[in-house]
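Report on one structure; see the data block that follows.
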Amino acid sequence: MTPDVALPLLVLALPFAAFLLLAVVGPLRRTGRPAGLVSIAAIAISFAAALTVWARELVAERTWGWIPADGGPIATVGVLVDPLANAMLVLVTLVALLVQVYSLAYLGDERPGALGRYYTYQSLFVFSMLGLVLAPGFVQMFVFWELVGLCSYLLIGFWYERPAAARAAVKAFWITKLGDVGFIVGIVLLWSATGTFEFTDLFEKAQANALAVPGLATIMFLIYLGAVGKSAQFPLHVWLPDAMEGPTPVSALIHAATMVTAGVYMVTRTEPLFALVPEVLTLIAWVGAFTALLAATMACVEGDIKRVLAYSTVSQLGYMMAAAGAGASPAGFLHLLTHGLFKALLFLAAGAVIHAVGTNDIFRMGGLFRAMPQTAVVFVVGTLALAGVPPLAGFFSKEAVLGGVWEAHLTGPFLMLALTALLTAFYMFRVVFVAFFGRAHAGGHPHEAPWLMRGPLWLLAILTLAVGIRLALGGGEAHEEAPGWLPPLSVGLATVGFVLAWAMYQRGAVDPARVAAVLRPLDYLARRRYGLDGLYAGVYRGIILGLSRLIGWIDRYLVDGILNALTALTLRAGDALRYIQSGRAQDYVYGVAFGVLLLFVWAQLWRR
């Protein structure tokens with residue numbers, strides 16, 4: 001096996017080996033902290049291997065036949081290594097490593113068996129995402145796609161004894177499955193039209209203009225539906241805020257590097273196919289921009305710090321999808337990478353706050369800057385990056401997205417994304433001013449988290465700044481046709497959002513209640529999530545109730561009815577036939593004679 005393939009396989013194999021070890025060796029899994037160290041050691045070596053793959057800029061593909069058929073395998077398994085996969089490997093393994101180290105302290109009070117189960121799921125989760133990233137074709141991608149969904153279900157519902165966590169896990173599972181149905185149907189239709197699942201073959205056909213198959217737009221739209229579910233695009237975004245019921249480190253991993261990034265990665269990976277259907281790309285851009293704006297409005301009225309960050313993730317995923325739809329998938333992927341750093345930072349910092357004060361409600365915090373200065377500083381760094389303030393990483397990736405959408409002449413999506421930039425700065429600084437600089441309401445004695453938690457926070461903050469400086473020095477996405485007024489506009493919008501948050505929640509010059517009264521219809525809808533959750537719940541209840549009634553009718557009138565009718569027929573036939581048994585010999589002779597006569601008539605008819 002060549003080194004070009006061996007290293008990526010090592011990246012993939014180590015988390016799986018840790019999962020197998022923890023899943024099979026029960027005594028080790030039940031040790032808790034030692035089980036966590038096994039998982040951390042595996043992901044640490046995997047991260048080192050991923051860094052090596054990225055530094056060497058490896059490009060390779062190796063596949064093995066999987067589903068046999070005449071003329072060659074229908075599908076293969078293997079690895080596809082290129083710059084896109086290399087960068088994603090580093091992001092996934094880095095965030096997973098920091099999350100797992102952080103979890104040792106954050107979940108330190110869990111029972112050893114529960115903690116071992118947590119790290120077992122974590123190892124499988126990382127393996128699943130890495131397998132998706134390295135997939136050389138749609139079949140392998142879909143298998144790992146479903147494994148990612150399963151692991152999200154297990155980790156969101158980690159505290160399954162809590163009804164809210166159990167419901168959130170089920171909701172995430174089924175909502176994403178709605179998109180997955182379209183994904184698998186699209187994959188099968190594409191295979192039936194082209195005869196292959198492999199990305200390389202499909203991309204070569206696309207480049208040679210040999211993919212002019214009937215219904216290609218419909219096929220790619222169905223494949224896009226899978227990304228709508230996984231990457232929480234409207235209208236399948238409703239599962240992501242509820243997923244905050246899981247442990248905060250799980251939220252960081254899901255939002256920064258695994259579950260929700262899978263859809264954006266898939267659209268970016270298959271960009272040569274989507275480029276053949278510009279009408280679908282336009283739809284992706286509009287839906288992405290609308291999702292970004294819709295989620296931002298809900299974040300502006302949310303009081304739960306984790307849910308604010310969850311709506312922020314939905315909004316930023318909309319940015320990434322809008323870039324992909326505008327034909328600027330490199331810009332969207334750059335935003336995926338930078339967002340992974342500062343969103344992991346924000347979630348882990350929020351976890352440190354929750355760990356210290358025992359509440360998610362920002363209005364029950366306040367004054368935390370004095371009690372937790374280090375956590376406050378790194379949270380502000382993440383906030384500035386998310387708001388798109390230079391020279392942090394988020395500024396350059398967001399500029400790349402806005403520039404790509406502008407170059408595509410998508411005025412509507414551009415305006416929605418620009419307004420979202422203002423709202424992003426507003427709702428994030430709202431959290432900063434209320435939780436860290438507002439009047440103290442926090443109960444207990446807020447204090448800094450232990451270094452196992454603070455260390456990952458500082459590393460992510462430093463990386464966010466370092467990546468931003470690197471992009472400022474020439475590593476960012478260049479858009480020659482982007483207007484010169486775009487950077488000042490972006491910074492200006494962020495500044496307006498900052499000033500509004502400061503005036504309302506720090507200075508007290510503007511009463512938030514009066515603003516809510518002026519915007520009462522929008523405020524009412526945003527607080528109720530625009531009725532989408534209620535709509536889904538009503539549809540769910542209607543479907544379940546309708547199915548139960550249908551099943552009841554079938555059971556009562558078809559199953560029981562047919563059985564009852566056959567029973568009655570059998571009883572009546574028995575009643576009629578039992579008179580034949582008279583006990584008189586002459587009656588039996590007549591019966592035999594009648595039977596012989598029938599056989600004779602039948603034989604004559606058969607001869608004819």
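Quick caveat: nothing in here was measured; it's all calculated off a predicted structure.
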> Salt bridge between Asp82 and Arg269, side-chain N to carboxylate O under 4.0 Å?
Replying inline: yes

>> For Trp458, I'd like to know if atom CH2 has over 12 heavy atoms of other residues, nucleotides or ligands within 6.0 Å.
In response: yes

> Are any non-hydrogen side-chain atoms of Val250 and Val99 less than 4.5 angstrom apart?
Replying inline: no

> If you measure only the distance, is there a donor-acceptor pair under 3.5 Å linking the side chains of Tyr530 and Thr297?
Replying inline: yes

>> Side chains of Tyr427 and Val301, heavy atoms from C-beta outward: is any pair under 4.5 Å?
In response: no

> Do Ser315 side-chain atoms and Ala295 backbone N/O form a donor-acceptor pair below 3.5 Å?
Replying inline: no

>> Could you go through Tyr311 and Val308, starting from their C-alpha distance and side-chain angles, then the distance that decides it, and tell me whether this counts as side-chain contact (heavy atoms from CB on, under 4.5 Å)?
In response: CA-CA 5 Å; Tyr311 284 121; Val308 172; over 6 Å; no

> Out of curiosity, Leu417 CG to Leu293 CG, how far, rounded to the nearest 0.5 Å?
Replying inline: 8.5 Å

>> Tell me if a side-chain donor or acceptor on Thr291 pairs with a main-chain N or O of Gln233 at a distance below 3.5 Å.
In response: no

>> Run the salt bridge (Lys or Arg N to Asp or Glu O under 4.0 Å) test on Lys171 and Asp533 for me, step by step, so that the C-alpha distance in whole Å, both residues' side-chain angles and the decisive distance to 0.1 Å come before the verdict.
In response: CA-CA 10 Å; Lys171 183 176 183 179; Asp533 287 76; 2.5 Å; yes

>> Determine whether a donor-acceptor pair (N or O, by modelled atom type, separation under 3.5 Å) exists between the side chain of Tyr319 and the backbone of Thr420.
In response: no

> Hey, are the side chains of His237 and Val228 touching, using non-hydrogen atoms and a 4.5 Å cut-off?
Replying inline: no

> Phe125 and Leu155: which non-hydrogen atoms are nearest, and at how many Å?
Replying inline: CD2-CD1, 3.3 Å

>> With side-chain contact (heavy atoms from CB on, under 4.5 Å) as the criterion, how do Leu402 and Trp406 come out once you've worked through the C-alpha distance, each side chain's angles and the decisive distance to 0.1 Å?
In response: CA-CA 6 Å; Leu402 290 173; Trp406 178 262; over 6 Å; no

>> Between Tyr106 and Thr248, is there a side-chain donor-acceptor contact under 3.5 Å, judged purely by atom types and distance?
In response: yes

>> Taking Arg529 first and then Asp242, would you say they form a salt bridge - that is, a charged N and a carboxylate O separated by under 4.0 Å?
In response: yes

>> Go through it in stages, so that I can follow the logic: the residues are Thr338 and Lys398, the test is side-chain hydrogen bond (donor to acceptor under 3.5 Å, both in side chains), and I'd like the CA-CA distance, side-chain angles, deciding distance and then a yes or no.
In response: CA-CA 9 Å; Thr338 61; Lys398 186 174 289 187; over 6 Å; no

>> Testing Lys343, His335, His339 one by one against Gln316 for a side-chain hydrogen bond (donor to acceptor under 3.5 Å, both in side chains), which residue passes?
In response: His335

> Which atom pair, heavy atoms only, marks the closest approach of Val381 to Leu392?
Replying inline: O-CD1, 3.6 Å

> Quick one: SG on Cys300 to CG on Leu522, what's the gap to the nearest 0.5 Å?
Replying inline: 8.5 Å

> Do the rings of Tyr265 and Phe333 sit parallel, tilted or perpendicular, given the 30° and 60° boundaries?
Replying inline: tilted

> Phe414 vs Trp485 aromatic rings, parallel, tilted or perpendicular, using cut-offs 30° and 60°?
Replying inline: perpendicular

>> Evaluate Leu130 against Phe144 for side-chain contact (heavy atoms from CB on, under 4.5 Å), listing each step before the verdict.
In response: CA-CA 8 Å; Leu130 294 175; Phe144 283 100; over 6 Å; no

> What is the distance from atom CG of Leu334 to atom OG1 of Thr268, rounded to the nearest 0.5 Å?
Replying inline: 11.0 Å

> Is the centre of the Phe498 ring less than 6.0 Å from the centre of the Phe433 ring?
Replying inline: yes

>> Side chains of Leu309 and His255, heavy atoms from C-beta outward: is any pair under 4.5 Å?
In response: no

> For the residue pair Trp502 and Phe429, is the inter-centroid distance of their aromatic rings smaller than 6.0 Å?
Replying inline: no

>> With heavy-atom distances below 4.5 Å as the criterion, would you say the side chains of Asp361 and Met365 are in contact?
In response: no

>> Counting C-beta onward and ignoring hydrogens, is there a side-chain heavy-atom pair between Phe379 and Met372 closer than 4.5 Å?
In response: no

> Under 3.5 Å, side chain of Asp180 to main-chain N/O of Phe183, donor-acceptor pair present?
Replying inline: no

> Between Met244 and Phe347, is a side-chain contact (heavy atoms from CB on, under 4.5 Å) present by the stated rule, with each step listed?
Replying inline: CA-CA 10 Å; Met244 298 303 95; Phe347 263 110; 3.6 Å; yes

>> Restricting to non-hydrogen atoms, name the atom on Ala257 and the atom on Val92 that form the minimum distance, rounded to 0.1 Å.
In response: O-CG2, 3.4 Å

> About how many Å separate NZ of Lys230 and OG1 of Thr176, when rounded to the nearest 0.5 Å?
Replying inline: 5.0 Å

>> Has Ser490 got a side-chain atom pairing as donor or acceptor with Leu486's backbone, closer than 3.5 angstrom?
In response: no

> Between the side chain of Thr258 and the main-chain N/O of Leu253, is any donor-acceptor distance below 3.5 Å?
Replying inline: yes

> Going from OG on Ser103 to CD on Gln122, what distance comes out if it is rounded to the nearest 0.5 angstrom?
Replying inline: 5.5 Å

> What are the two closest non-hydrogen atoms of Met88 and Val133, and how far apart are they?
Replying inline: CG-CG2, 3.5 Å

> Do Trp239 side-chain atoms and Gly229 backbone N/O form a donor-acceptor pair below 3.5 Å?
Replying inline: yes

> Does CD in Glu279 sit with more than 12 non-hydrogen atoms of other residues, nucleotides or ligands closer than 6.0 Å?
Replying inline: yes

> Hey, is the main chain of Ala324 close enough, under 3.5 Å, to the side chain of Glu271 for a donor-acceptor pair?
Replying inline: no

> Heavy-atom distance under 4.5 Å between the side chains of Met428 and Leu346, does that happen here?
Replying inline: yes

> Under 3.5 Å, is there a donor-acceptor pair between the side chain of Glu399 and the main chain of Ser397?
Replying inline: no

> Is a salt bridge present between Asp523 and Arg528, judged by a nitrogen-to-oxygen distance below 4.0 Å?
Replying inline: no

> Closest approach of Val81 and Leu58, non-hydrogen atoms and distance?
Replying inline: CG1-O, 3.5 Å

>> If I take atom CG from residue Leu276 and atom CG from residue Leu281, how far apart are they, to the nearest 0.5 angstrom?
In response: 9.0 Å

>> Could you check whether any side-chain N or O of Arg454 sits under 3.5 Å from a backbone N or O of Ala449, counting only pairs where one atom can act as donor and the other as acceptor?
In response: yes

> What's the shortest heavy-atom distance between Pro249 and Leu348, and which atoms?
Replying inline: CA-CD2, 4.2 Å

> Is there side-chain contact between Leu94 and Leu341, with heavy atoms separated by less than 4.5 Å?
Replying inline: yes

